[in-house]
Each structure stands twice: as C-alpha cells, then as structure tokens.
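Below: the structure, in structure tokens.
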Amino acid sequence: MIVHLTSDLLLASRVGTAADDAGLPIQTALTVAQAIAATTREVVTGLLIDLETGGLELAELFRQLPDRAQLCVVAYGPHVHAQLLEAATSAGCELVLTRGQLDRNVREVLARLAREVS
C-alpha cells in the first residue's frame, strides 16, 4: 500500500484517482499521526509526502516509521520553497518534486512507486 500524507484534498483526489487507475492501493492520511498509524497497521511500501502538511517534521516522522529501510519516500512542495525541497532531499527522501511536477507527472511517480513496491 502507498500512503499519501497531505491535507490538500483536491490533489489527494487526483492522486487517488491515478492510483486507482493504475491498480495501486493508496490511503490518504490527513495528519502525520494518521500516516504513522497506517504504517503500523498495514504493509506500506511507498510514502508520498506533501511537505506543507501541518506539523510535519521529516526527521521525526522517519524515526517513527516501523521499517524505513523498506519504504520508498517521495516528497513534494511548492517550487517557491526551495529550502523545504532541499531539506527533504537531505532528510533522505528518494525523490523530491515540486507540486507542479507531481501534478503533471502523477502517473509516472506512481509507476515509480509501483516499481519500488514490486
């Protein structure tokens, strides 16, 4: 399963539809606590993170994930927040995109997560 951590319901809907079209199980987590809970209840192999999610501290989130080594993490945020994107790269996200890149390439991003999952 892929967990999408975001409070942006419009983008969550588009990502969810693309995942459904690709046959990938996905769950939207509106809070960091929900994302952590999902990773402890389910086998989660991909985590898609909206860097503007309230209360998000990547280092703390990564410490609380049950098996970070087995998890592919893709993060995205606004292109105008270059420091936020750089911080996500430094924290260990495998792929960091702008929100526009994700929106334009959501199917490709999900396909990458699917390859990482299989």
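Counting all heavy atoms, side chain and backbone alike, Ala38 lies closest to Val44 at O-CG2, 3.7 Å. Residues Val3 and Ala29 come closest through the heavy atom pair CG1-CB, 4.0 Å. Nearest heavy atoms, Leu71 versus Glu94: O-OE2, 3.7 Å.
The distance from the NE2 atom of His4 to the CG atom of Leu110 is 9.0 Å, given to the nearest 0.5 Å.
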**OP:** Before giving the answer on side-chain contact (heavy atoms from CB on, under 4.5 Å), spell out for Leu51 and Thr53 the whole-Å C-alpha distance, their side-chain angles and the decisive distance to 0.1 Å.
**Re:** CA-CA 6 Å; Leu51 295 171; Thr53 301; over 6 Å; no
Subject >> Chi angles and distances behind the side-chain contact (heavy atoms from CB on, under 4.5 Å) call for Val109, Val74 >> reply: CA-CA 8 Å; Val109 171; Val74 174; 4.1 Å; yes
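Annotation: side chain to side chain contact (heavy atoms under 4.5 Å, CB included) contacts of Leu11 (sequence neighbours excluded): Asp8, Arg14, Val15, Tyr76, Arg99, Leu102, Asp103. Here His81 pairs with Glu52, Pro78, Leu84 under the side chain to side chain contact (heavy atoms under 4.5 Å, CB included) rule; sequence neighbours left out. Under the side chain to side chain contact (heavy atoms under 4.5 Å, CB included) criterion, Arg107 pairs with Ala18, Asp21, sequence neighbours left out.
Applying the salt bridge (charged side-chain N to carboxylate O under 4.0 Å, His left out) test to pairs two or more places apart or on separate chains, none has a residue in residues 26-36. For the ring-ring contact (aromatic ring centres under 6.0 Å, His included) condition, no pair includes a residue of residues 31-57, sequence neighbours left out. Counting only residues at least two apart or in different chains, side-chain hydrogen bond (donor to acceptor under 3.5 Å, both in side chains) contacts with residues 25-43 are absent.
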Please tabulate, one pair per line, all N/O donor-acceptor pairs under 3.5 Å involving side-chain atoms of residues 85-92, not counting sequence neighbours.
{"from": "Thr89", "atom 1": "OG1", "to": "Leu85", "atom 2": "O", "distance (Å)": "3.3"}
{"from": "Ser90", "atom 1": "OG", "to": "Glu86", "atom 2": "O", "distance (Å)": "3.2"}

What donor-acceptor contacts under 3.5 angstrom involve side-chain atoms of residues 54-66, with partners at least two apart or in another chain?
{"from": "Glu60", "atom 1": "OE1", "to": "Arg63", "atom 2": "NE", "distance (Å)": "3.3"}
{"from": "Glu60", "atom 1": "OE1", "to": "Arg63", "atom 2": "NH2", "distance (Å)": "2.9"}
{"from": "Glu60", "atom 1": "OE2", "to": "Gln64", "atom 2": "NE2", "distance (Å)": "2.7"}

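Note on Met1 and Ile49: same hydrophobic cluster, where clusters join Ile, Leu, Val, Met, Phe, Trp and Tyr whose side-chain heavy atoms are under 4.5 Å apart, directly or indirectly.
Side chain of Ser13 to backbone of Leu9: no donor-acceptor contact under 3.5 angstrom is found.
Inter-residue side-chain proximity for Leu48 and Leu5 is flagged as unmet; no heavy-atom pair is nearer than 4.5 Å.
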